[in-house]
Amino acid sequence: MKPLEEARSEVLSSVGLLDTERVPIWDARGRVLSSNVIAPENVPPFPNSAMDGFAVRAADVASPGSILEVLGDLPAGSATDIVVGPGEALKIMTGAPMPRGADTVVRVEDTTTDGSKVAVGVAVEAGTSVRSAGGDVVRDQLVFEAGTRLTPMHLGVLATIGVGQPEVFKRPRVAFMSTGDELSPPEVATLASGAIRDSNRPMVKALLDEVGAESIDLGIVPDDPEALRNALDRGSNADFLVSTGGVSMGDYDVTKLVLEGDANVGFWKIAIQPAKPFAFGRVGDANFFGLPGNPVSVLVSFEQFLRPALLKVQGARAILRPQLTAVAGEDLDTDPEKTVFVRVFVDGLTEGVPTVMRSGGQSSNVLSAAANADAFAVVPRGAGRIEAGAQVTLEMFKWSETREWVDGR
Ligand code: AMP
Ligand code: MG
């Protein structure tokens, strides 16, 4: 058996980088920057007021009780030639540029005014409620590095500095199929005897969406060598070609029948559970990933091999899921020969540290337990058991939606 780390190195070292393109920020969520972004200008571009209030000279408001002459009114979006002199104030709205002469803003809450005069009830320090030019981003600074995967917040920052079409790596084109004579489309209402619905394809399609890939659905392929060769052929000009099923030891494991002996494809036994059998190599122009058939095995091999590879070809710097240390809420007994991915959910905190419990049955066909999990508890090869109360490493695959909303809280 190949250790996980070795298998992942082989996979990741054999996939290259995709070309680059420019895309509108409107469509760039999840895309990866292919070049550094340097700020062409300051953000904010000019000093401006952080509050609705009065722009004044600090010396005039050093002690409470000053009365100043109001020169006028400055809303956001306009500029003014007015210069604020000693004993003077300009009414100003949040975001409006600071007028010359003024260096401080008094909040409207701290004033009373009749329109022509304003009385300031408090002492205000110099610079209060003024946002300086470049206080967020300074012109010529490195804003985001190549390899950054763009979140909604990154897109907002790109917008503020006028980068409307960031340069990113192309999306990988991924053709995928399910294999198996027993499979019916998920849409069928009544199953023939011996049949099951294909759960892998909808899951794989969604996993591909999440990682920014463009997916090409090759459908359900029966356990027939000719049909499989045909489907492999149709997917062979994609960047990646993914199949599920047919890679283990059964008599009808058609992927193995068709591709074993092909010098460009290796059939591996990886020292992980689930997802021990795995095929990897090249079919035509495509990086070929032959995932196992059981749905939880599909999830694990996608997470451990395909997802990092799809992020790597997109130039992403961070390609693995975040890990954190948790406490096992119950004994986790596992096969010591393998790295085991136990499906767990966070069941509260022990002295501030997340405590995890198994989210259901741990057989590789029990997908509902993976759907109810927040993370894999990763039990390393050689360990065999994690006792209740001991530390365990979590690999978070459902990082969001971890806190339920309770009305009123
Ligand atoms: P295989 O490796 O092809 O023998 O598949 C292993 C197990 O996974 C069998 O019980 C299959 O029925 C099941 N399986 C294979 N493909 C799928 C699929 N697309 N959806 C649900 N179960 C599947
Ligand atoms: Mg099969």
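In listed order, ligands and their atoms are each counted from 1. Keep in mind that the numbers below use all heavy atoms, side chains included, and drop hydrogens, waters and symmetry copies. Sequence positions, counted from 1, serve as the residue numbers for this chain. Being a predicted model, the structure only gives us computed values, none of them experimental.
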Exactly one of Pro292, Pro295, Ser364 clears side chain to side chain contact (heavy atoms under 4.5 Å, CB included) with Pro274, and that residue is Ser364
_Ring-plane angle category for Phe144 and His154, please: parallel below 30°, perpendicular beyond 60°, tilted otherwise._
perpendicular
If we count only N and O atoms by modelled type, under 3.5 Å, do the side chains of Glu395 and Gln304 hold a donor and an acceptor together?
yes
key: Check against ring-ring contact (aromatic ring centres under 6.0 Å, His included), Phe289 and Phe240   = CA-CA 8 Å; Phe289 285 68; Phe240 286 72; 5.7 Å; yes
d(Leu299 CG, Phe376 CZ) to nearest 0.5 Å is 4.0 Å
Protein neighbours of ligand 1 with a heavy atom under 4.0 Å, given by chain and number, are Ser178, Thr179, Glu182, Leu183, Ile196, Arg197, Asp198, Ser199, Asn200, Gly245, Gly246, Ser248, Asp253, Gly293, Asn294, Pro295
Is it true that Arg229 and Glu226 make a salt bridge, defined as a side-chain N closer than 4.0 Å to a carboxylate O?
yes
